[in-house]
Structure formats: C-alpha cells, structure tokens
Undergrad: 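Before we start, here is the structure in question, set down as structure tokens.
Computed over heavy atoms, backbone and side chain alike; hydrogens, waters and symmetry mates excluded. Since the structure is predicted, the reported quantities are computational estimates derived from the model, not experimental observations. All chains are named by letter (A, B, ...) in the order of the sequence lines, taking the proteins before the strands, and each is independently numbered beginning at 1.
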There are 2 protein chains.
Amino acid sequence: MKNPIEHLNKVFDSRIRLGIMSALMINAEVNFNELKELIEVTDGNLATHLKTLEENNYIKVQKGFVGRKTNTTYSVTKAGEKAFKLHLEALEKMIKSIS
Amino acid sequence: MKNPIEHLNKVFDSRIRLGIMSALMINAEVNFNELKELIEVTDGNLATHLKTLEENNYIKVQKGFVGRKTNTTYSVTKAGEKAFKLHLEALEKMIKSIS
DNA sequence: TTTTATTGCTTTGTGTTACAAAGTGCTTTT
DNA sequence: AAAAGCACTTTGTAACACAAAGCAATAAAA
C-alpha cells in the first residue's frame, strides 16, 4: 500500500481555496463579488485566501472598472493551473484506487 | 455557476484524515502502526485524527492481539463509508466540471 | 531479574490557520 | 451631504496541526 496523500498539495487542502481555484479553472476571469457569493464567505476571509493563492503564485489579479465602478478580477496563472491539475490528478488516483 | 465546495465534508478536509479513510476503504482493517508508516505521521498526531474520526462515528476500533502483542485495528463504519463516498462524489463532480 | 522495547495512546506546548466582525479609503450614487 | 459599494486590512478569538515527551501495560532480551 502506498501513501494515498503524498501528492496532494497543501495549499489546496483548504476548501475555500479549492473552491476559488475550481471557479477560476472553469471561468477564465471571476471578480471579487462573484467569488464571494459563489463560495459563500465573508469578504475578509475571501481576501485572505485570495492573498494566499497569490503569494503562492497560483492566481493573478487584474484591477479595472466596470462602467465607473472598480472591479477586481482574478485568474489562474500557468503555475496555478499546473499545480491544481496535479492536485486533481492525485485526488482522482486516490478515488479510483478506492472504487 | 454553482458553489463547487458545498457538498464537501469538513471532516475530510484534513489530508491526514483523508488518508486514513482512504486506507480503511481499501483495506477492511488496518492497524495503528501500519497507518503510522503509511501516512507518515507521528503517533500522537495519528491518534488525534483517529479520535476525531471515531468521534464522528466514521471509524471503529478493535483492540486485540497478534501473538502476544497488543494490536489495535481500525475500520470504517457504515456511516463512515457513506459519508466518505459522498465526499468523493462531490470531489469527482468538481473535477469533472473542470476537465 | 533488571533492563529495554513495543504498542497505543495522552498530555503539553507551540505555532499556524480560519474566520467573523469591524474598520478603512476611495468612489459613486442618491 | 449622506449612504452605499468595492476591495480590501486589521483585530481578536477560536480551532487546528503537529512534534515531542510522557505514560501504562505488557513482552522480550540481557
């Protein structure tokens, strides 16, 4: 038997960061409030997790406007895509070995 | 877009508990030291996570002997199997929606 | 028979993380 | 002028992770 968790990425252990990454993999760009409603977190909490992902170089931030309102969108980086895909592969293998 | 993480089980957010459950789903019974080597945790840490799973009624404990040495084995309960499968299904759906 | 090892914990201590709530600065709408 | 929205930051608290050490019971080794 092999260690079933050795290839999992610790950054993605957090359900909220998992949710953020998942949303950003499906939609190329998602803004702050969309994420907030989707994941159902407080804005402070969301900002913290976004920062963690940013510090790990997994997502990047674009600050812009929609009409005259500020609008911050987030998207995955190449590194983030790679790391997340590896994580999902590790999860898939784990799941397959069970069922 | 739907919340990608709403059906994930918080008990299984922890990589170690995920590993324990995974090991117990594959092997009907696993003992303390096997788990310890497999997951690569200290015994104190392992005991704590096992206790959490036990308190959630997801695993059960059998105390016995191998030869003349004490031997504690762990196995999943019906509830544990159900909860874990639901968690894996939620993960799979998340993965599929991405790739 | 004294010592050492093994098993499966519990306890202790420390550091990290999660999170809500409140506060902030800037802009925009009313 | 006041209220609201956006995207945070700060603060405080509680939960969690983890290693290391301690411990009780038995067993094996010297």
Side-chain angles (χ1 to χ4, degrees), chain A residues 3-6 8-24 27 29-56 58-76 87, chain B residues 3-6 8-24 27 29-56 58-76 87:
Chain A
N3 186 343
I5 59 167
E6 64 177 336
L8 297 179
N9 188 326
K10 281 189 185 169
V11 176
F12 306 133
D13 277 1
S14 151
R15 63 201 290 103
I16 293 178
R17 291 197 290 272
L18 196 68
I20 293 170
M21 287 302 290
S22 167
L24 296 186
N27 302 71
E29 282 195 1
V30 185
N31 73 32
F32 190 88
N33 282 318
E34 285 165 352
L35 280 175
K36 190 179 146 188
E37 279 169 37
L38 181 69
I39 318 282
E40 293 169 43
V41 269
T42 54
D43 49 3
N45 196 7
L46 176 58
T48 308
H49 285 295
L50 286 168
K51 203 175 158 190
T52 300
L53 289 170
E54 211 191 331
E55 282 165 359
N56 277 277
Y58 289 166
I59 65 171
K60 57 178 185 283
V61 183
Q62 298 91 29
K63 278 162 195 292
F65 290 88
V66 167
R68 331 185 82 192
K69 280 188 191 170
T70 59
N71 185 59
T72 307
T73 62
Y74 302 87
S75 53
V76 294
H87 182 77
Chain B
N3 186 342
I5 59 168
E6 63 177 338
L8 296 178
N9 188 326
K10 281 189 185 172
V11 176
F12 306 133
D13 277 0
S14 151
R15 61 202 291 102
I16 294 177
R17 292 197 290 274
L18 196 67
I20 293 170
M21 287 302 290
S22 168
L24 296 186
N27 302 69
E29 281 196 1
V30 184
N31 72 32
F32 190 87
N33 282 319
E34 286 165 352
L35 279 175
K36 190 179 145 187
E37 279 168 38
L38 181 69
I39 318 280
E40 293 167 44
V41 269
T42 53
D43 48 3
N45 197 5
L46 177 58
T48 308
H49 285 294
L50 285 169
K51 204 174 158 194
T52 300
L53 289 171
E54 212 191 330
E55 283 166 358
N56 277 278
Y58 289 166
I59 65 171
K60 56 177 187 280
V61 183
Q62 298 91 31
K63 280 161 194 290
F65 291 88
V66 168
R68 330 183 85 190
K69 282 187 189 171
T70 58
N71 185 59
T72 307
T73 61
Y74 302 87
S75 54
V76 294
H87 183 75

Undergrad: With distance as the sole criterion, is a donor-acceptor pair present between the side chains of B/Ser75 and B/Gln62 under 3.5 Å?
TA: yes
Undergrad: Do any N or O atoms from the side chain of B/Asn27 and from the backbone of B/Glu29 form a donor-acceptor pair under 3.5 angstrom?
TA: no
Undergrad: Closest to the A/Thr72 side chain: C/dC9, C/dA18, D/dA7?
TA: D/dA7
Undergrad: DNA chain C: A/Gly44 or A/Thr70, which has the more 5' nearest nucleotide?
TA: A/Gly44
Undergrad: Which nucleotide, D/dA19, D/dA7, C/dA20, lies nearest any side-chain atom of A/Thr42?
TA: C/dA20
Undergrad: Under 3.5 Å, is there a donor-acceptor pair linking the side chains of A/Tyr58 and A/Asn9?
TA: yes
Undergrad: Of A/Val61 and A/Lys69, whose closest DNA chain D nucleotide lies nearer the 5' terminus?
TA: A/Lys69
Undergrad: Identify whether any heavy atom of B/Arg17 sits under 4.0 Å from a base atom; if not, whether one sits that close to sugar-phosphate; answer base, sugar-phosphate or nothing.
TA: sugar-phosphate
Undergrad: Tell me which nucleotide among C/dA18, D/dC18, D/dC8 gets nearest to the side chain of B/His49.
TA: D/dC18
Undergrad: Between B/Phe65 (CZ) and D/dT26 (C1'), how many Å, whole number?
TA: 8 Å
Undergrad: Give a yes/no answer on whether the side chain of A/Lys36 brings an N or O atom under 4.0 Å of OP1 or OP2 in D/dA7.
TA: no
Undergrad: Report the distance from atom CG of A/Leu50 to atom P of C/dA18, rounded to the nearest whole Å.
TA: 13 Å
Undergrad: Send over the distance from B/Glu55 CD to C/dT10 C1', rounded to a whole Å.
TA: 13 Å
Undergrad: Have a look at B/Leu46 and say if it touches a base, only the backbone sugar-phosphate, or nothing, with a 4.0 Å heavy-atom cut-off.
TA: nothing
Undergrad: What residues form a salt bridge (Lys or Arg N to Asp or Glu O under 4.0 Å) with B/Asp13, not counting sequence neighbours?
TA: A/Arg15
Undergrad: Just checking A/Tyr74: base, sugar-phosphate only, or nothing, at a heavy-atom cut-off of under 4.0 Å?
TA: sugar-phosphate
Undergrad: Quick one: which of D/dA17, C/dA18, D/dC6 gets closest to the side chain of A/Asn45?
TA: C/dA18
Undergrad: Report yes or no: does B/Arg17 contribute a side-chain atom to a donor-acceptor pair with the main-chain N or O of B/His49 at less than 3.5 Å?
TA: no
Undergrad: Take the protein atom CG of A/Asp13 and the nucleotide atom P of C/dT17, then report the distance between them rounded to whole Å.
TA: 11 Å
Undergrad: Roughly how many Å is it from CG in B/Asn71 to P in D/dT26, rounded to a whole number?
TA: 16 Å
Undergrad: Given that B/Thr48 and B/Arg68 both sit by DNA chain D, which one's nearest nucleotide is further toward the 5' end?
TA: B/Thr48
Undergrad: Does A/Asn56 reach the main-chain N or O of A/Thr52 with its side chain, forming a donor-acceptor pair under 3.5 Å?
TA: yes
Undergrad: Over how many whole Å does the gap from A/Arg15 atom CZ to C/dA18 atom P extend?
TA: 12 Å
Undergrad: Using whole Å, what does the distance between atom P of nucleotide D/dT10 and atom CG of A/Asp43 come to?
TA: 14 Å
Undergrad: Measure from the side chain of B/Ser14, starting at C-beta and using heavy atoms only, and say which of D/dC8, C/dT10, D/dA17 lies closest.
TA: D/dA17
Undergrad: Report which part of the nucleic acid B/Asn33 touches: base, sugar-phosphate, or nothing (heavy-atom distance under 4.0 Å, all strands).
TA: sugar-phosphate
Undergrad: Mind calculating the distance between CZ (A/Phe12) and P (C/dT17) to the nearest angstrom?
TA: 15 Å
